[in-house]
Amino acid sequence: MAMLFLLLLFSSSLISGFTYGAKHEKEYCAMYDICGARSDGKVLNCPFPTSSVKPDDYFSAKIQSLCPAISGNVCCTETQFDTLRAQVQQAIPLLVGCPACLRNFLNLFCELSCSPNQSLFINVTSTSEVNGNLTVDGIAYYVTDDFGERLYDSCKDVKFGTMNTRAIDFVGGGANNFKEWFAFIGQKAPPGFPGSPYEIDFKSTIPDSSKMVPMNVSAYTCGDTSLGCSCGDCPLAPACSSSEPPSPPKKESCMVRIGPLKVKCLDFSVAILYIILVFAFLGWASLNRKRERRAAASKEPLLSSMDEVEADSTEIQKDGKVPRLINRFQLDGVQGHMSSFYRNYGKWVARNPTLVLCSSVAVVLVLCIGLICFKVETRPEKLWVGPGSKAAEEKHFFDSHLAPFYRIEQLILATLPDSKNDKRHSIVTDENIQLLFEIQKKVDGIRADYSGSVVSLTDICLKPLGDDCATQSLLQYFKMDPENYDDYGGVEHAEYCFQHYTTADTCMSAFKAPLDPSTALGGFSGNNYSEASAFVVTYPVNNAIDEAGNGKSVAWEKAFIRLVEEELLPMVQSSNLTLSYSSESSIEEELKRESTADIITIAVSYVVMFAYVSVTLGDASRLSTFFLSSKVLLGLSGVVLVMLSVLGSVGFFSAVGVKSTLIIMEVIPFLVLAVGVDNMCILVHAVKRQSIELPIEERISNALHEVGPSITLASLSEILAFAVGSFIPMPACRVFSMFAALAVLLDFLLQVTAFVALIAFDCRRAEDNRIDCFPCIKVPSPGGSNEGINQRRPGLLARYMKEVHAPILGLWAVKIVVIAIFVAFALASVALCPRIESGLEQQVVLPRDSYLQGYFNNISEYLRIGPPLYFVVKDYNYSLESRHTNQLCSISQCDSNSLLNEVSRASLVPESSYIAKPAASWLDDFLVWLSPEAFGCCRKFMNGTYCPPDDQPPCCSPDEFSCGYGGVCKDCTTCFRHSDLVNDRPSTVQFREKLPWFLDALPSSDCAKGGHGAYTSSVDLNGYKNGVIRASEFRTYHTPVNKQGDYVNALRAAREFSSRISDSLKIEIFPYSVFYIFFEQYLDIWRIALINIAIALGAIFIVCLGVMAILDIQLNAVSVVNLIMSIGIAVEFCVHIAHAFLVSHGDRGQRAKEALSTMGASVFSGITLTKLVGVIVLFFARSEVYYFQMYLALVIIGGAERVRSATKTCHHGNKMSFNFITPGLINMHNVIKNIAIHNYGKSSTTLLVFGKSVMQQPSGENSSRPGHLVQPVQFIYPCQDPSTFLIG
């Protein structure tokens, strides 16, 4: 392909000589005829001046067909013209899409070769002797700057679609102005190298004494209406001015300036809101404090009022029953029924522990049978892509109609940073390139076994052209052959190819295509390839839609990874380089390894939790009773129940065909353990708080009555929170939520059944003086009461809560500070929410010790090219009557708003479109390939069959050094004349017949537009003969994407672009790239998060969002599940304290103190610490899926929230509620009435009486026990100040 621009230099044929002293006038030649040839076959002109010659009619017609500006006499022979024509045909396919550029380009060389006035602007400056003949060795070509600028301007934006680059990169060496282009054309090439056989010195200024005149033939602009180019090739054309490229979006956020500081509006608003809330709260607290002081000062009248009603209560005193005033909320409604149920249920379990234990465990063991069907899902597309995904559907369409994207095996070799300045040195050295050859030799030598057959790289690699693998490596500049290294010039040749990879034959890859250095090098800036600090070696491997078709590839990939780890890694490290590597199956294999890698971590966590639970549940008040009061066996049994709940959940879902995932294997055991131990501690502590004088049945009954409702509420909230997580579309997180919800449910059921039964057994063991862990051994009573065994005095934590923590929180100043801090934290979290980025880093889901961790880091650091992007067109109607062709293409006569023109326009603003280059268009290249101007491309034999270009077999034998222009292809003609086409477009029949020819045509120097290799899989030919192509793609590239936000934004931009174009053209178009399927979920992850959190309905998520922003945790399906779970878990921290507060005695302060000293200690040791222990273990897990960070923050914040909740006062709307357990209903009403009159005035005491059926004193031995009343009585009084309790 590099030969294609030899045309620029095609020296020989175009020139005729002039010796010093020759005439410079019209109708006179400076060179004429051919006098010799170089050793490489390039012809050289004769340096003899002569008058121009009149051609015959046939020759004149030939000249007019290529050089219409030349008429009359000429300064070239027919042989010279044929050479010119043969050489320019290499450039015509590249430029024919823009007729103005092509015409200007041809005029430059037509005037140089055949102009009758050649001597006016051509001067032979040097000659050489070849085989005894004098030949031209150098000329001066005078061309006006105006023509040079017009030529360059008309060609500078013309695309070469096959390579997604500009045609000027091929025919002009990437010139940035016409002088650089002329300098590239005029270079004298060494023998065997592409270029001019003699030097052409382009000049624009003629000496004053000379009669010469610079060549200034008319030049066309690319926007010329007669030779107009497409908007893609000429964006500045007038017809394209109305479709300017979109400007980059200005990311401006609302800012408020405070002096020299700039603050975001949201942050400023939150700060103002916080100040207002703080002042409002301080005002309310101050006012309320004054009221309390006034109430305290008037306490004596209250006692008088109490004395006044003593007479009304004489009947009560005579009866001997003192009414018990319990300042608590009545447990009515669902909570009352739950308390009653748990009281009765507790007695039944305590009386039938064996039945309950065996039946509950048996049910879970039945569920565990499903573990026989246990399977782990490790395929990334099955883990992270939800059903019904639009990206998944588009991927399936692309794979089935076109071809699956090839598999990638990759090596990245990089230099180490300098210890002084942390700068990396260039990797392009002789030693490193030789090392690369050694590595390649070992990779080529890989032999993998697959079902008894041997698999090598050549068996599975992508081969677009011929038999060579399309390996993307610097070694391609040496044809992958180490023997060529020194012959080509070593490092100097590589650096030469960095700038001339599109033009030099010696830089052409072994697979016969140019190799862009940005695909083989990394760690450079701009186009400074020589500064690259990394080699990037990519092995594209054929891919199959079904897994079975990739068996050979997977086997080779495993052998490839083994080779790298065992041989290549030590080899590279010994050369002071780093090596990162990956294969297509690496992620799946690492996930499989991860599924079993944390078994030790899980086991250790359960041992640690068992040890903690055993210490927490047991008593150590006296050493002599330690072996009786310890709860080691009970704790072990509780941990076993947690394990059974996890196994039961996994077994159930495995039985119904749901595969497990990495998250389930790694997180759920810790999570359920932390959740399950909470209830164990609370239940055991509740039993311990009961009087030792009560029977075991009563103690367990009272304990369940006390904590059963709160345990149920907390567990239910957690179950529902996990269940809400099942709405997440990502399969891995949805399945995790389902598994976790069932595991927590089973754990809760086992806690209130099997574990309660185990508590009953343990109590009987202790009372019977049997040793813990060895209940068969009975020891004599240690003497004294057994009180120390089953009921201990308040522990250190309980005493701390009662004597230190609660009194401090009772202080008004402390209350204000605590609430202010939490409000500040909540509002700060709101302000931090917008800083959360969506995405899920690849490193997060992989083991920490995975070799892919370094690979993904190096990908972000070194790669300078983005992922391929395909715009897929459905149902393209190519019939002549349809407008689809002009709506899609980007060559001359295509619509200005066509798909490919819009892609080119979008590539001008890559920072917003994320499109790096114009698209490679099979349609453009096909239309150019058909064009009569591209006379070396679409050709046919006399019998109508396909005739290849002259430099391909059978026209040219592969072993021929130089191909002739005769032989079997001498009678080949172009497929069409202009008269055969309609507005330069093929008819439906012509399109249908020639499309397969194009897709099978090999590209070469004579015709670089052949579609084989570049477009082999770009068109779905199934059913295309009916005039409609069901699927075709146009390939471009995204800009380099390094962060998760870049991937998401690239996908969003591509979809928005495709949607806009589809609506405009009324053609179904969608974008496709290999990463879309994994990042689609993040397009609406905020919507999913907010909807699910709204369903779970909690405020804790705001704080968690703030923590996410602080910890730099991204918003993805994993963190959304965590947020939803946080609501359920956070409820557990508060519900037990709130419930204890409700049922405690006394005023607000006394009830808060009692709740903290009883339930507070249990919650801290049984919930906060157990979760902390369980979560800390996640720190040692091999993957980094946020769980440790988010759960740790949740535990700490939840524990603090539990403390704060105890400082609040619970109210019943704007009413006071007093519950009385008394036979003297009316007398107690009189007491309350007088208290109300004293505090609020006589007019405000409205009485509502409920439960009048309890007016009579209940009978029976339990009548004095308030908990046994069937229906307590409730008086409800309106409060003028709902924040103040009447009795404290």
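Each residue takes its place number in the sequence, starting with 1. Just the heavy atoms: all of them, side chains too, but no hydrogens, waters or symmetry mates, feed the values below.
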Consider only side-chain N and O atoms of [X] and [Y], and report whether a donor and an acceptor are under 3.5 Å apart.
{"X": "Asn1042", "Y": "Ser860", "value": "no"}
{"X": "Gln440", "Y": "Asp444", "value": "yes"}
{"X": "Ser456", "Y": "Thr458", "value": "yes"}

Side-chain touch [X]/[Y], heavy atoms, less than 4.5 angstrom:
{"X": "Ser660", "Y": "Phe374", "answer": "yes"}
{"X": "Pro464", "Y": "Phe511", "answer": "yes"}
{"X": "Phe524", "Y": "Ser518", "answer": "yes"}
{"X": "Val491", "Y": "Val428", "answer": "yes"}
{"X": "Phe405", "Y": "Lys395", "answer": "no"}
{"X": "Asp449", "Y": "Val455", "answer": "no"}
{"X": "Ile439", "Y": "Leu413", "answer": "yes"}
{"X": "Thr538", "Y": "Thr519", "answer": "no"}

(request) Could you walk me through whether Lys463 and Asp467 pass the salt bridge (Lys or Arg N to Asp or Glu O under 4.0 Å) test, one step at a time? (result) CA-CA 6 Å; Lys463 301 174 182 176; Asp467 298 325; 5.7 Å; no
(request) Determine whether the aromatic ring centres of Tyr855 and Tyr581 lie less than 6.0 Å apart. (result)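 No, ring centres 6.0 Å or more apart.
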(message) Please tell me whether Tyr477 and His493 form a close aromatic pair, meaning their ring centres lie under 6.0 Å apart.
(response)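 When the ring centroids of Tyr477 and His493 are compared, they turn out to be at least 6.0 Å apart.
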How long is the straight-line distance from [atom2] of [Y] back to [atom1] of [X], given to the nearest 0.5 Å?
{"X": "Leu474", "Y": "Tyr529", "atom1": "CG", "atom2": "OH", "result": "12.5 Å"}
{"X": "Leu1051", "Y": "His1038", "atom1": "CG", "atom2": "NE2", "result": "7.5 Å"}
{"X": "Leu371", "Y": "Ser654", "atom1": "CG", "atom2": "OG", "result": "6.0 Å"}
{"X": "His425", "Y": "Leu577", "atom1": "NE2", "atom2": "CG", "result": "11.5 Å"}
{"X": "Lys423", "Y": "Thr415", "atom1": "NZ", "atom2": "OG1", "result": "10.5 Å"}
{"X": "Asn550", "Y": "Glu584", "atom1": "CG", "atom2": "CD", "result": "8.5 Å"}

(message) Out of the candidates Phe1075, Tyr1082, Tyr914, only one should pair with Tyr1047 under the ring pair (Phe, Tyr, Trp, His ring centres under 6.0 Å) rule; please name it.
(response)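 Of the listed options, the one satisfying the test is Phe1075.
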Can you see which heavy atom on [X] is nearest to which on [Y], and at what distance?
{"X": "Ser553", "Y": "Asn542", "answer": "OG-O, 3.7 Å"}
{"X": "Met508", "Y": "Lys512", "answer": "CG-C, 4.0 Å"}
{"X": "Ser400", "Y": "Ile545", "answer": "CA-CD1, 3.8 Å"}
{"X": "Ile561", "Y": "Ser582", "answer": "CD1-C, 4.4 Å"}
{"X": "Ala555", "Y": "Ala448", "answer": "O-CB, 3.5 Å"}
{"X": "Ser525", "Y": "Glu531", "answer": "OG-OE1, 4.1 Å"}

Indicate yes or no for a side-chain donor-acceptor contact from [X] to the backbone of [Y] under 3.5 Å, with no hydrogens or angles considered.
{"X": "Asn857", "Y": "Gln853", "answer": "yes"}
{"X": "Asn432", "Y": "Ile427", "answer": "yes"}
{"X": "Glu409", "Y": "Val541", "answer": "no"}
{"X": "Glu1080", "Y": "Ala391", "answer": "yes"}
{"X": "Ser585", "Y": "Val554", "answer": "no"}
{"X": "His396", "Y": "Ala392", "answer": "no"}
{"X": "Thr1016", "Y": "Gly1013", "answer": "yes"}
{"X": "Asp1046", "Y": "Lys1043", "answer": "yes"}

(message) So that I can tick it off, tell me whether Lys442 and Glu567 are bridged by a salt bridge, with the cut-off set at under 4.0 angstrom between side-chain N and carboxylate O.
(response)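 Looking at Lys442 together with Glu567, the answer is yes, because their closest N to O distance falls below 4.0 Å.
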(message) Between Arg424 and Glu861, does any side-chain N to carboxylate O distance fall below 4.0 Å?
(response)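 Counted as a salt bridge, because a side-chain N and a carboxylate O are separated by less than 4.0 Å.
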(message) Please evaluate residues Tyr862 and Ser533 with respect to the criterion side chain to side chain contact (heavy atoms under 4.5 Å, CB included), reporting the C-alpha separation (whole Å), side-chain torsions for both, the decisive distance (0.1 Å), and the verdict.
(response) CA-CA 8 Å; Tyr862 296 120; Ser533 57; 3.6 Å; yes
(request) Take Asp516 and Lys917 through the salt bridge (Lys or Arg N to Asp or Glu O under 4.0 Å) test and state the conclusion after the steps. (result) CA-CA 13 Å; Asp516 189 336; Lys917 300 179 178 181; 3.5 Å; yes
(request) Applying salt bridge (Lys or Arg N to Asp or Glu O under 4.0 Å), run through Lys659 and Glu377 and close with a yes or a no. (result) CA-CA 6 Å; Lys659 292 184 179 180; Glu377 182 62 80; 3.7 Å; yes
(request) May I ask you to decide if the ring planes of Tyr1072 and Tyr1076 are parallel, tilted or perpendicular, using 30° and 60° as cut-offs? (result)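 If you compare the ring of Tyr1072 with that of Tyr1076, the planes turn out perpendicular.
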(request) For the pair Thr471 and Tyr539, evaluate side chain to side chain contact (heavy atoms under 4.5 Å, CB included) and give the outcome as yes or no after the intermediate values. (result) CA-CA 5 Å; Thr471 302; Tyr539 302 99; 3.6 Å; yes
(request) Check the pair Glu590, Ser850 against side-chain hydrogen bond (donor to acceptor under 3.5 Å, both in side chains), reporting the backbone distance first and the verdict last. (result) CA-CA 7 Å; Glu590 285 297 280; Ser850 172; 2.6 Å; yes
(message) Assess the residue pair Arg407 and Glu557 against the criterion (salt bridge (Lys or Arg N to Asp or Glu O under 4.0 Å)); give the C-alpha distance rounded to whole Å, side-chain angles, the decisive distance to 0.1 Å, and a yes or no.
(response) CA-CA 10 Å; Arg407 303 172 71 88; Glu557 288 164 358; 2.8 Å; yes
(request) Go through Val1041 and Asn1049 one step at a time and tell me if the side chain to side chain contact (heavy atoms under 4.5 Å, CB included) criterion holds. (result) CA-CA 9 Å; Val1041 283; Asn1049 292 334; over 6 Å; no
(message) As a test of understanding, state which of Ile433, Leu411, Leu475 forms a side chain to side chain contact (heavy atoms under 4.5 Å, CB included) with Phe535.
(response)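 Going through Ile433, Leu411, Leu475 one by one, the side chain to side chain contact (heavy atoms under 4.5 Å, CB included) with Phe535 is satisfied by Ile433 alone.
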(message) As a quick check of understanding, evaluate side chain to side chain contact (heavy atoms under 4.5 Å, CB included) for Gln410 and Ile859, giving each step before the final call.
(response) CA-CA 10 Å; Gln410 202 162 54; Ile859 285 289; 3.4 Å; yes
(request) Please confirm whether Lys552 makes a cation-pi placement over Tyr450, using NZ or CZ under 6.0 Å from the six-membered ring centre and within 45° of the ring normal. (result)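 Negative - Lys552 is either too far from the ring of Tyr450 or too far off its axis.
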(message) Go through it in stages, so that I can follow the logic: the residues are Tyr870 and Ser1018, the test is side-chain hydrogen bond (donor to acceptor under 3.5 Å, both in side chains), and I'd like the CA-CA distance, side-chain angles, deciding distance and then a yes or no.
(response) CA-CA 10 Å; Tyr870 301 88; Ser1018 295; over 6 Å; no
(request) Answer yes or no: are there more than 12 heavy-atom neighbours, outside His1012 itself, under 6.0 Å from its atom NE2? (result)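 Yes, the 6.0 Å shell around NE2 holds more than 12 heavy atoms from other groups.
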